Amino acid sequence: MDFNKTLTLWYSEHKRELPWRRTKNPYNIWLSEIILQQTQIAQGQPYYNAFVSKYPTVFDLANAQETEVLKLWQGLGYYSRARNLHTTAKHIATHHNGIFPNTYKDLLKLKGVGDYTASAIASICYGEPTAVVDGNVYRVLSRYFGIDTPINATDGIKEFKALAESLMDHDHPSDYNQAIMEFGAVQCKPKNPNCQICPLNDSCVALQKNLIDQLPVKLKKTKVSTKYFNFLVLLSTDKQTIFQKRVKKGIWQNLYQFPLLETEKKLKIADFKNHPFISRYFANAPFEFSLYNNKDIIHKLSHQHLHTKFWIIEIDQLPQKGMPITEIKNHPTPILISNFIDDFF
DNA sequence: AAAACGGGGCG
DNA sequence: CGCCCAGTTTT
């Protein structure tokens, strides 16, 4: 049986029941695809449900405040997705009367929608025969056809996209695209796939050549840097603290945090009070401090390891405008800080 | 072409 | 502890 037919038959028998599989509404499909970028279904599904519940239509999302959208996104990571999601919702509501573009080409123009997502929406919602190539597709195709071109360089990206397009079932673009992705997620898994029960095991090149563990080929991983973060948790006598928006580009843009002192090395307790930033920040106002965590909390991002200390600082009057402690939980914040808040307050 | 961008889960 | 995840944008 050919590759194509085998996959769609497998899909009809094994596909999981997922909330976004009950609809072809482009708003819902778009929302699910953005949430699922670089995100496993188990992690993304609760967020999808929360977003659909709070923002049933693109107009509801467009009318929200960005900080409210980020709060609902909190913990999911890659927060530019949430900012772009909101930007695109406003654009669709304002300039397209709430109607999504209905072609791959026009979908691609939306902020936060790249080749994969445009292909997914175009095929699922409108039946356009444009092939998705996500991590699952790279894995399935590289193994089945025995292709060792690196998947994260220009050559491989073009080669796999062309191959995927050539395999497209023009009569069932939606099912075909979802079938190959689901097959990658459930059967042709990254680690320890059970090739004994694979419906393609009689024609899989990687299996025949014992290359399942070698494919797909991925080029050098990005190196991880270490940073030292010191968060200043101010507590005034009138129950206020300083909690401010990260406005600069970089990680956690537009999320909230306590004032951050980043140091080259670990900041010792004995050196805290005399650190130039601290002495200047408090301008000799009397304060008492203690360290919340004796050992650094190591928060791991894909490209940074953040060695973090939370300094608890009790002071009569804040050196700048503050926020009542009761209000900080209403603001979006990185999971690193959210975990601290939940434990400390 | 390469780096930046989160957080969770798994072997 | 390294790899992977229904990738996109910026540099």
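Remember, it's a predicted structure, so these values are computed and weren't measured experimentally. By convention in this document, chain letters (A, B, ...) are assigned in the order of the sequence lines, proteins followed by strands, and residues within each chain are numbered from 1.
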Examine A:Phe344 together with A:Phe310 and report whether their ring centres are nearer than 6.0 Å.
no
Report the C-alpha distance between A:Arg21 and A:Arg16 in whole Å, list the side-chain angles of each, state the deciding distance to 0.1 Å, and finish with yes or no for side chain to side chain contact (heavy atoms under 4.5 Å, CB included).
CA-CA 9 Å; A:Arg21 289 206 170 128; A:Arg16 295 167 286 184; 4.1 Å; yes
Side-chain N,O (A:Thr39) to OP1/OP2 (B:dG8) below 4.0 Å:
no
Does A:Lys249 or A:Gly114 map to a spot on DNA chain C nearer the 5' end, using the closest nucleotide for each?
A:Gly114
Rounding to an integer number of angstrom, what distance separates C:dT11 and B:dG6 when you compare their P atoms?
14 Å
State which residue, out of A:Ile35, A:Leu36, A:Ile124, A:Asn28, fulfils the side chain to side chain contact (heavy atoms under 4.5 Å, CB included) condition with A:Trp20.
A:Leu36
So what does A:Trp73 hit on the nucleic acid, given a heavy-atom distance under 4.0 Å: a base, only sugar-phosphate, or nothing?
nothing
Does C:dT9 have OP1 or OP2 under 4.0 Å away from a side-chain N or O of A:Arg81?
no
Looking at the side chain of A:Asn84, which of B:dG8, B:dC5, C:dT9 is the nearest nucleotide?
C:dT9
Which class fits the ring pair A:Phe277 and A:Tyr281: parallel under 30°, tilted 30 to 60°, perpendicular over 60°?
parallel
So what does A:Ser302 touch, heavy atoms closer than 4.0 Å: a base, only the sugar-phosphate, or nothing?
base
Cation-pi check for A:Phe287 against A:Lys273: NZ or CZ below 6.0 Å from the six-membered ring centre and within 45 degrees of the axis, yes or no?
yes
On a plain distance test, is the side chain of A:Tyr78 in donor-acceptor contact with the base of B:dG6 below 3.5 Å?
yes
NA contact type, A:Arg83, heavy-atom cut-off 4.0 Å: base, sugar-phosphate, or nothing?
nothing
Let me know, please, whether A:Ile335 or A:Leu219 comes out on the 5' side of the other along DNA chain B by nearest nucleotide.
A:Leu219
Within the 4.0 Å heavy-atom criterion, would you say A:Val113 contacts the bases, only the backbone, or no part of the nucleic acid?
sugar-phosphate
Indicate the ring-plane relationship of A:Trp252 and A:His299, choosing parallel, tilted or perpendicular according to the 30° and 60° boundaries.
tilted
Does A:His303 put a side-chain nitrogen or oxygen below 4.0 Å from OP1 or OP2 of B:dA4?
no
For C:dA6 versus B:dA3, give the span between their P atoms, rounded off to a whole number of Å.
24 Å
Determine the sole option in A:Lys309, A:His275, A:Lys227, A:His307 for which the side chain to side chain contact (heavy atoms under 4.5 Å, CB included) test with A:Thr263 is passed.
A:His275
As a test of reading the structure: which of C:dA6, C:dC4, B:dG7 is closest to the side chain of A:Arg21, going by heavy atoms?
C:dA6
Contact class for A:Thr117 vs. all strands (heavy atom < 4.0 Å): base, sugar-phosphate, or nothing?
sugar-phosphate
Between A:Lys111 and A:Pro216, who's closer to the 5' end of DNA chain C by nearest nucleotide?
A:Pro216
If you compare every side-chain N and O of A:Tyr138 against the phosphate oxygens of C:dC4 (OP1, OP2), does one of them come in below 4.0 Å?
no
Quick one: label A:Ile34 by what it contacts on the DNA or RNA (base, sugar-phosphate, nothing), any heavy atom closer than 4.0 Å.
nothing
Does the gap between the ring centers of A:Phe145 and A:Phe3 come in under 6.0 Å?
yes
Tell me what A:Gly75 touches on the nucleic acid: a base, only sugar-phosphate, or nothing, going by heavy atoms under 4.0 Å.
sugar-phosphate
Give the residues of residues 158-184 of chain A touching DNA chain C, defined as any heavy atom closer than 4.0 Å, sorted by residue number.
A:Met181, A:Glu182
Between A:Lys189 and A:Gln38, who's closer to the 5' end of DNA chain B by nearest nucleotide?
A:Gln38
